[in-house]
Amino acid sequence: MAAAANPASLESAPRILRLVAECGHSRARAGELRLPHGTVATPVFMPVGTQATMKGITAEQLDALGCRICLGNTYHLGLRPGPELIQKAHGLHGFMNWSHNLLTDSGGFQMVSLVSLSEVTEEGVRFRSPYDGAVSLLSPEKSVEIQNALGSDIIMQLDDVVSSTVTGPRVEEAMYRSIRWLDRCIAAHRQPDKQNLFAIIQGGLDADLRATCLEEMTKRDVPGFAIGGLSGGESKGQFWRMVALSTSRLPKDKPRYLMGVGYATDLVVCVALGCDMFDCVFPTRTARFGSALVPTGNLQLKKKQYEKDFSPIDPECTCPTCQKHSRAFLHALLHSDNTAALHHLTVHNIAYQLQLMSAVRASIVEKRFPDFVRNFMNTMYGDPTLYPPWATEALASVGITLG
Amino acid sequence: MKLSLIKVGNGCRLGKIKNLGKTRDHTMDIPGCLLYTKTGSAPHLTHHTLHNIHRLPAMAQLTLSSLAEHHEVLTEYKEGVGKFIGMPESLLYCSLHDPVSPCPAGYVTNKSVSVWGAGGRVEMTASKFMAIQQALQPDWFQCLSDGEASCAEVTSIKRARKSVDRSLLFLDSCLQLQEKSEVLQKSLIIGVIEGGDVMEERLRSARETAKRPVGGFLLDGFQGNLMATEIGLHLLSSVTAELPEDKPRLICGVSRPDEVLECVERGVDLFESFFPYQVTERGCALTFSFDFQPNPEETLWQQNGTQEEIKYLDQTEKIKTTDCTQEMTSFEINLKEKKYQEDFDPLVRGCPCYCCKNHTRAYVHHLLVTNELLAGVLLMMHNFEHYFGFFHSIREALKSDKLAHLKELILRQAF
């Protein structure tokens, strides 16, 4: 199927990304995103605040950690409390009282992954609400309409999402449909001056399909591009190759947002491959299971070995949890029914992610990113023989060799 | 430690307790309340969110039921529970039990008392109890006591007598053990007044306990049934009349605003603050007015709805909570109700708390409906703020001899 003959287009979309530095060896870049609710330094990790809340931490705490952009989920918010109410509350910013930037996804991924009865047609995704059983259609137009009501700074096109483990003609169908849906989203977008609509590159794990998608979507003058359809069940080997292919064909002067990626190693490698923005529920979700992220991996603080460990989670970490509390106290608190335990870990894990990206960025600006990567890998895995082969390969492909 | 009374009248005491703590430089106002904690942390709150709250009590209440099982850890830690929980600057009072979760009766013996923690029952003799206190090093701690006389519907005189005898024996053992402990020299033992609903035993308990070198007194067994009756309240007055004026009187299990005032009028100084926690757990926000000197233009309905609404509010609405099935009171609103879905007012107009300054009823409603953790955080901040504000108003009312106004205002809202 040919791509749309007349791609709907905006007037030349503003360049929201200003590049500050580039790694001389890899594809890593450091920059600044200029968004309606302030500047965001890149590379950036965006914590996920699904239902207009960053779980148990307040907007003030999130701000104090240095977070300047986080996510909201259109699917969830579209159902509860609904776009009309949020509009009355002066948008999602007003509703949750967040003064910095927000990015909302289209709702497409959730509907396919969460809902038992969802059906994709050319029109859109038809689904049944898990709360009241009502059937409705999420079309590209509807998704943009809801996101317009939410008022987020970056909005995502509705894409036809297919699991990365699916093969065959469905992948191709979804890729071409995503292009058509991109054009419909662009046409339906009411507030291009206030909200930045990003395209989402699809094509699964097929290099040809992905290349086609890249070629077509980059003809549309959108402010930024996301790399979608990955971070599912695919092998890491296939994963990095698709990321690398995507970044090699995406314009340099626009941000590259890799969706659903948040494990530390993945972040570092994908920055090397040329990605600027990331989101993932992992750090905040794992916190609520008692797991604290550290440079060497993670600490399962509920385990008995931490019962009498009077050191902080990470002595180098500057977050409030590490400043005030020991592993032993958190261990005890995690075994109680006081939710404060979860909040302490959520604070720390977000701080860990943000501090990691900050350190990555500083190393790019100071022209020592490859050394940073080597150090990072060494701390995380110890022996080079324990380095994940995919990471070694991926880094080598962009000129970073590990010891 | 020095308790100075500024005013005494109509059974009430207004004053300050000075030279508190290991450094002897903390002060507490009375009447006042203690910060309620679970396993050494205010419920739902981290240091940051806790310190968003104004008028935080100078003293926090820890419960032995949540900490006894961590005895070994604390002993190895050596530096005391205050530092362990990240509250090194706070005064600490350690009670036996958690006022919110009543413990099963029938486990007190002549030699031991049991508490229930996350890991199950911890049985303590006086020695074990004092060993745990050595590891905790609180500023004040409730002495090991037999509180079960008040558990039954009607106390037998025999059981009441036993509760007093045992508690005095425990007290004397603990005082003896304290003498031998260097680390506990700076801690004060709070003597526990028992005796069920038997006047003679209550008086005996008060007089005998007052003879010992305790730091203060805990009035145990007045929660629940006893508080609700004239006999119970009379018993309370009779007990406090026997106690020295220069030592603080604490009461456990009493936290509702109307009950607090009844106790203040009967010589009680310090209260637990678990009521705002219970309100939080049922998804409610405290909204009762304690403005006993209102601006003539403002009326009650601005905060609680119209007079008609208040009148017909279903008082007996039962709402399940995580800790217990508690009845909602008329001091609060239930944010889960559909009518708050589009209400963009703060929880309470004019409230200076973080939640009211930053969020709306509609937002809190949304968080409750979607089962989000932030609901508990925001409600706890508001409910503590509101409650500590209430205690401030008690002190202000006493200062200006207007406690009767405040009491009338509170009772009007309690029906």
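Values in this document were obtained by computation on a predicted structure and should not be read as measured data. Each chain gets a letter, A, B and so on, in the order its sequence line appears, and its residues count up from 1.
- At a 4.5 Å heavy-atom cutoff, the contact between B:His70 and chain A is made by side-chain atoms alone.
- Neither the backbone nor the side chain of B:Ala375 has a heavy atom closer than 4.5 Å to any heavy atom of chain A.
- Within the 4.5 angstrom heavy-atom criterion, atoms from both the backbone and the side chain of A:His344 approach chain B.
- Using a distance-only test at 3.5 Å, with no hydrogens or angles considered, no donor-acceptor pair links the side chain of B:His366 to the main chain of A:Met96.
- Note: A:Glu60 leads A:Arg288, A:Glu60, A:Lys88 in heavy-atom pairs under 4.5 Å with chain B.
- Using a 4.5 Å cut-off between heavy atoms, B:Glu342 contacts chain A through both its backbone and its side chain.
- In this structure, A:Pro320 and B:Thr46 have side chains that are not in contact, with every pair of non-hydrogen atoms separated by 4.5 Å or more.
- Annotation: side chain of A:Glu307 is not in contact with side chain of B:Glu72 (no heavy-atom distance under 4.5 Å).
- Of the atoms belonging to B:Met381, it is side-chain heavy atoms, and not backbone ones, that fall under 4.5 Å from chain A.
- At a threshold of 4.5 Å between non-hydrogen side-chain atoms, the residues B:Thr39 and A:Phe329 do not count as touching.
- Of the atoms belonging to A:Ala341, not a single heavy atom falls under 4.5 Å from chain B.
- The side-chain heavy atoms of B:Leu374 and A:Lys55, taken from C-beta on, include no pair separated by under 4.5 Å.
- Looking at A:Thr53 and B:Tyr363, their side chains come closer than 4.5 Å, going by heavy atoms from C-beta outward.
- Residues B:Glu79 and A:Phe310 have side chains not in contact (no heavy-atom distance under 4.5 Å, counting atoms from C-beta outward).
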